[in-house]
K.L.:
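Below is one structure. I have some questions about it.
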Amino acid sequence: MRAKRLIFNFLYHNGSFCLSRNFRLQKVGDVSWLMDNFDIFDFSNHVDEIGIINISDQPFEERYSQTFFRDIDLLLEKITVPVTIGGGVTTVSEAGKLFDFGADKILIASACLRRPKLSHDITTIFGAQSLIFQLDIDFERGIVFADNGMTPFVTVDNLPQILMDVSAGEVCLNSIDRDGSGMGFPTHKAGFVEDLPLRMIFSGGFGESKHFKDVLNHPSIDACCTSNILNFLGDGMADVRTDLVQAGILVSS
């Protein structure tokens, strides 16, 4: 059995790190605030991967400015685990720029949803392990959204075909309706994952250790992802990992 993984995403928007609740953003602070208030190095010892998701509302060249790369350089000085960068990537060239910066993986949502060929072009060059395909889903309504939760795209009944068309190492199912709620991921609405062909990450709603255990006990789920910066920085993720081990769930060491 593969070890389960804990992933933490930092949400970056126009120079600040943010909280998200149902895809509505709340500014927390800039990189200096983050470095001053949290021990990022110690925190990274308790997660398996870090994501930097750039959700700034700008084209790629403006979104990934010198300011962004300077801020993330400062953050990564204290991080010792693999790093995923995502947000706004629409071409192979743009993906290459993020790999050149030092990303271990990139995350793409809408661009691959609309143009599955992009995923094949990227993985042909960089390998399937380099790409996480994210699907933003309103599980209560059974709808997959594009454009950061703004545009209804298809129903979840279409997911098997979508994932057959896409080339990626993993798929992240991101719950819009539970995003930032701390109420737990809606596993009762996700029975369709049994037949999906890719490694699965569940994201959205995690507020306590029980929520992670509920998901990672599922044999089809490889990882949980949270971006609840105020809830899980400090000792939060260390406590989650300890609780998972005590519950007999195999997690990466």
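Residues: numbered from 1 along the sequence shown.
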K.L.:
Do H13 side-chain atoms and Q26 backbone N/O form a donor-acceptor pair below 3.5 Å?
P.N.:
no
K.L.:
Between K4 (side chain only) and I221 (backbone N and O only), is there a donor and an acceptor less than 3.5 Å apart?
P.N.:
yes
K.L.:
Ignoring hydrogens and angles, tell me if any N or O in the side chain of D71 forms a donor-acceptor pair with the backbone of V31 under 3.5 Å.
P.N.:
no
K.L.:
side-chain hydrogen bond (donor to acceptor under 3.5 Å, both in side chains) with D214: which of H211, H218, K210?
P.N.:
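Result for side-chain hydrogen bond (donor to acceptor under 3.5 Å, both in side chains) with D214: K210.
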K.L.:
Please report the C-alpha distance between S119 and L131 in whole Å, then the side-chain angles of each, then the deciding distance to 0.1 Å, and finally whether the side-chain contact (heavy atoms from CB on, under 4.5 Å) criterion is met.
P.N.:
CA-CA 8 Å; S119 68; L131 179 60; 3.7 Å; yes
K.L.:
Report whether F185 and F133 are members of the same hydrophobic cluster (ILVMFWY, side-chain heavy atoms less than 4.5 Å apart, transitive linking).
P.N.:
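Looking at the clustering, F133 is in the same group as F185.
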K.L.:
Can L118 be reached from V144 by stepping across I, L, V, M, F, W or Y side chains whose heavy atoms are under 4.5 Å apart?
P.N.:
yes
K.L.:
For H46 and L6, what are the C-alpha separation, side-chain angles and deciding distance, and is it a side-chain contact (heavy atoms from CB on, under 4.5 Å)?
P.N.:
CA-CA 8 Å; H46 305 296; L6 298 177; over 6 Å; no
K.L.:
Determine, stepwise, if the pair F23 / N174 fulfils side-chain contact (heavy atoms from CB on, under 4.5 Å).
P.N.:
CA-CA 11 Å; F23 282 35; N174 189 31; 3.4 Å; yes
K.L.:
Can you list the steps and then say if E94 with R63 is a salt bridge (charged side-chain N to carboxylate O under 4.0 Å, His left out)?
P.N.:
CA-CA 11 Å; E94 291 170 354; R63 185 186 300 228; over 6 Å; no
K.L.:
Just by modelled atom types, is the M150 backbone N or O under 3.5 Å from a matching donor or acceptor in the D147 side chain?
P.N.:
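Looks like no, no N/O pair under 3.5 Å.
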K.L.:
Less than 4.5 Å apart, any side-chain heavy atom of D243 and any of F212?
P.N.:
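With C-beta onward as the side chain, the pair stays apart.
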K.L.:
Could you report the tightest heavy-atom contact between V81 and S44, atom names first, then the distance?
P.N.:
CG1-O, 3.4 Å
K.L.:
Take the angle between the ring planes of F68 and Y64 and call it parallel below 30°, perpendicular above 60°, tilted in between.
P.N.:
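Aromatic pair F68/Y64 classed perpendicular.
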K.L.:
To the nearest 0.5 Å, how far apart are CD1 in I201 and OG1 in T84?
P.N.:
7.5 Å
K.L.:
Hey, are T226 and N228 close enough side-chain-wise for a donor-acceptor pair under 3.5 Å?
P.N.:
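N228 vs T226: no donor-acceptor pair found between side chains.
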K.L.:
Return yes when atom CE of M35 has more than 12 non-hydrogen atoms of other residues, nucleotides or ligands closer than 6.0 Å, and no otherwise.
P.N.:
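Yes, because the 6.0 Å sphere around CE of M35 holds more than 12 heavy atoms from other groups.
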K.L.:
Ignoring hydrogens and angles, tell me if any N or O in the side chain of N22 forms a donor-acceptor pair with the backbone of R24 under 3.5 Å.
P.N.:
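No; zero donor-acceptor contacts below 3.5 Å.
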K.L.:
Report the C-alpha distance between F69 and I72 in whole Å, list the side-chain angles of each, state the deciding distance to 0.1 Å, and finish with yes or no for side-chain contact (heavy atoms from CB on, under 4.5 Å).
P.N.:
CA-CA 5 Å; F69 288 120; I72 303 311; 5.7 Å; no
K.L.:
Give a yes or no on whether the backbone of M200 and the side-chain of D222 come within a donor-acceptor separation of less than 3.5 Å.
P.N.:
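Checking the backbone N and O of M200 against the side chain of D222, a donor-acceptor pair under 3.5 Å is found.
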K.L.:
Verify the cluster assignment for Y12 and I50: are they in a single hydrophobic cluster under the rule of side-chain heavy atoms below 4.5 Å apart?
P.N.:
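Both belong to a single hydrophobic cluster.
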K.L.:
In this structure, which one of V156, I176, T155, I143 forms a side chain to side chain contact (heavy atoms under 4.5 Å, CB included) with I137?
P.N.:
V156
K.L.:
Please find out if less than 6.0 Å separates the ring center of F153 from that of F145.
P.N.:
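That pair fails the under 6.0 Å test.
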K.L.:
I'd like to check F206 versus V215 (side-chain heavy atoms, cut-off strictly below 4.5 Å). Are they in contact?
P.N.:
yes
K.L.:
Please name the residue in the list L159, L163, V166, I162 that meets the side chain to side chain contact (heavy atoms under 4.5 Å, CB included) test with V171.
P.N.:
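Of the listed options, the one satisfying the test is L163.
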K.L.:
Donor-acceptor pair, E61 side chain versus Q58 backbone, under 3.5 Å?
P.N.:
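Side chain of E61 to backbone of Q58: no pair is present.
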K.L.:
Shared ILVMFWY cluster between F101 and I132, side chains joined below 4.5 angstrom?
P.N.:
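Unlinked, F101 and I132 end up in two clusters.
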K.L.:
When you measure from the side chain of R178 to the backbone of G204, do you find a donor-acceptor pair of N or O atoms at a distance under 3.5 Å?
P.N.:
no
K.L.:
Answer with yes or no whether the hydrophobic clustering places I52 together with I7; edges join I, L, V, M, F, W, Y residues whose side-chain heavy atoms lie under 4.5 Å apart.
P.N.:
no
K.L.:
Indicate yes or no for a side-chain donor-acceptor contact from R115 to the backbone of T90 under 3.5 Å, with no hydrogens or angles considered.
P.N.:
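Confirmed, R115 side chain pairs with T90 backbone.
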